[in-house]
Amino acid sequence: MKTTKKTVLSSLCASFGVVCLYLGVFFNVMDMTAALLASVLVLFCLMEMGYGYAFAVYAMISILSLILLPNASPAWMFILLFGYMPISKFGFERIFKKFAWVPKLILFNVLYAAVVFLGGALLGFTTENQFGIPPYAVYIGFFVLGDILYVLCDILYTRLVRLYIVKIRDRIHKYLK
């Protein structure tokens, strides 16, 4: 594929990613879903054009969503939790092969801790509840559910790549030459 087509395709993916994140703003309860949907576009760019263009799409979606979105919550979910996942997933799997889960989960948990604790400090999220559950139990629940979500997303990316290569790539590859 020529450089011009790669540039156009990556900018189209970035604009669609910002639109996906805007849907997360429009439907206020879909922040994580919109961020995950936008990260699929980064995955597509990774499969078709490589790591450099995928990282460029991640950076473009991140910067444009912080500038354009009226509510930055989906943008921060994309930047800190889901946008980098396709790039790091296949990078770690290429480097560490069998033990790729260890660095992937460490990276996710460090960034997830930043989201949870900085969100509490800067945005005023609290763990107070009416049920008498201690705050440390709520944080443990956050991390367990976050890790489950991460593993499910990792499996989803693997299956999407397999589906794309087997069924879809040949159909659209003639348009991407």
Side-chain angles (χ1 to χ4, degrees), residues 9-47 49 51-93 100-129 133 135-158 160-161:
L9 186 61
S10 62
S11 53
L12 280 173
C13 287
S15 63
F16 285 142
V18 173
V19 169
C20 290
L21 292 177
Y22 193 81
L23 288 174
V25 170
F26 187 67
F27 300 108
N28 201 15
V29 295
M30 293 181 51
D31 295 347
M32 288 183 139
T33 307
L36 181 65
L37 188 60
S39 73
V40 171
L41 294 166
V42 176
L43 178 67
F44 171 74
C45 289
L46 179 67
M47 291 293 103
M49 297 177 289
Y51 287 98
Y53 282 95
F55 184 75
V57 168
Y58 167 68
M60 284 190 290
I61 292 173
S62 301
I63 293 168
L64 288 174
S65 63
L66 284 175
I67 293 171
L68 297 174
L69 297 182
N71 180 5
S73 177
W76 286 113
M77 292 287 179
F78 177 79
I79 293 168
L80 293 175
L81 296 179
F82 295 107
Y84 71 91
M85 279 178 63
I87 300 167
S88 67
K89 172 190 172 32
F90 293 106
F92 285 142
E93 286 178 357
W101 283 101
V102 175
K104 287 192 289 187
L105 284 173
I106 289 172
L107 177 64
F108 177 76
N109 283 321
V110 166
L111 292 173
Y112 192 64
V115 169
V116 169
F117 293 120
L118 291 178
L122 298 176
L123 301 176
F125 296 148
T126 62
T127 57
E128 295 176 7
N129 54 55
I133 301 172
Y136 68 88
V138 174
Y139 284 125
I140 290 172
F142 281 163
F143 280 96
V144 168
L145 290 175
D147 285 339
I148 290 171
L149 177 67
Y150 182 82
V151 169
L152 290 175
C153 289
D154 193 82
I155 293 168
L156 172 74
Y157 288 146
T158 303
L160 280 176
V161 166

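Here the structure is a predicted model, which is why all the values come from computation and not from measurement.
Of all non-hydrogen atoms in F78 and S62, the two that sit nearest each other are CE2-OG, 3.6 Å. Summarising the geometry of L107 relative to S88, their closest heavy-atom pair is CD2-CB, 4.1 Å, with the distance given to 0.1 Å. For the pair G91 and Y51, the tightest heavy-atom approach, listed with the atom from each and the gap, is N-OH, 3.5 Å. The heavy-atom pair separating M85 from D154 by the smallest distance is CE-N, 4.3 Å. Scanning both residues, V18 and S65, for their nearest heavy atoms gives CG2-N, 4.3 Å. The two residues L66 and A75 have their closest heavy-atom pair at CD2-CB, 3.9 Å.
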Distance-only check: which donor-acceptor pairs under 3.5 Å involve side-chain atoms of residues 31-43, not counting sequence neighbours?
| unit_1 | atom_1 | unit_2 | atom_2 | d |
| --- | --- | --- | --- | --- |
| D31 | OD2 | S73 | OG | 2.8 |
| S39 | OG | L36 | O | 2.7 |
| S39 | OG | Y157 | OH | 2.4 |

Which side-chain N or O atoms in residues 108-119 pair as donor and acceptor under 3.5 Å with protein atoms at least two apart or in another chain?
| unit_1 | atom_1 | unit_2 | atom_2 | d |
| --- | --- | --- | --- | --- |
| N109 | ND2 | L105 | O | 3.0 |
| N109 | ND2 | D147 | OD1 | 3.4 |
| Y112 | OH | F142 | O | 3.1 |

(request) Could you walk me through whether W76 and L81 pass the side-chain contact (heavy atoms from CB on, under 4.5 Å) test, one step at a time? (result) CA-CA 8 Å; W76 286 113; L81 296 179; over 6 Å; no
(message) Test side-chain contact (heavy atoms from CB on, under 4.5 Å) on L21 and V25; report intermediate values, then the result.
(response) CA-CA 7 Å; L21 292 177; V25 170; over 6 Å; no
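Between L9 and C45, every side-chain heavy-atom pair lies at or beyond the 4.5 Å cut-off. In this structure the side chain of L23 never reaches within 4.5 angstrom of the side chain of M30, judged on heavy atoms. Inter-residue side-chain proximity for I79 and Y58 is flagged as met; some heavy-atom pair is nearer than 4.5 Å. Counting heavy atoms from C-beta outward, L160 and L156 have side chains that approach closer than 4.5 Å. Between I148 and V144, some side-chain heavy-atom pair lies under the 4.5 Å cut-off. Within the 4.5 Å cutoff, no side-chain heavy atoms of K89 are placed close to those of Y84. Residues W101 and V151 have side chains in contact (heavy-atom distance under 4.5 Å, counting atoms from C-beta outward).
Between I61 atom CD1 and C13 atom SG the span is 7.5 Å, to the nearest 0.5 Å. The OG atom of S10 lies 11.0 Å from the CZ atom of F44; values are rounded to the nearest 0.5 Å. Taking OH from Y150 and NZ from K104, the interatomic distance works out to 5.5 Å, rounded to the nearest 0.5 Å.
Applying the 6.0 Å contact sphere to CZ of F26 captures no more than 12 heavy atoms from other residues, nucleotides or ligands. Sparse packing is recorded around OH of Y22, with 12 or fewer heavy atoms of other residues, nucleotides or ligands lying under 6.0 Å away.
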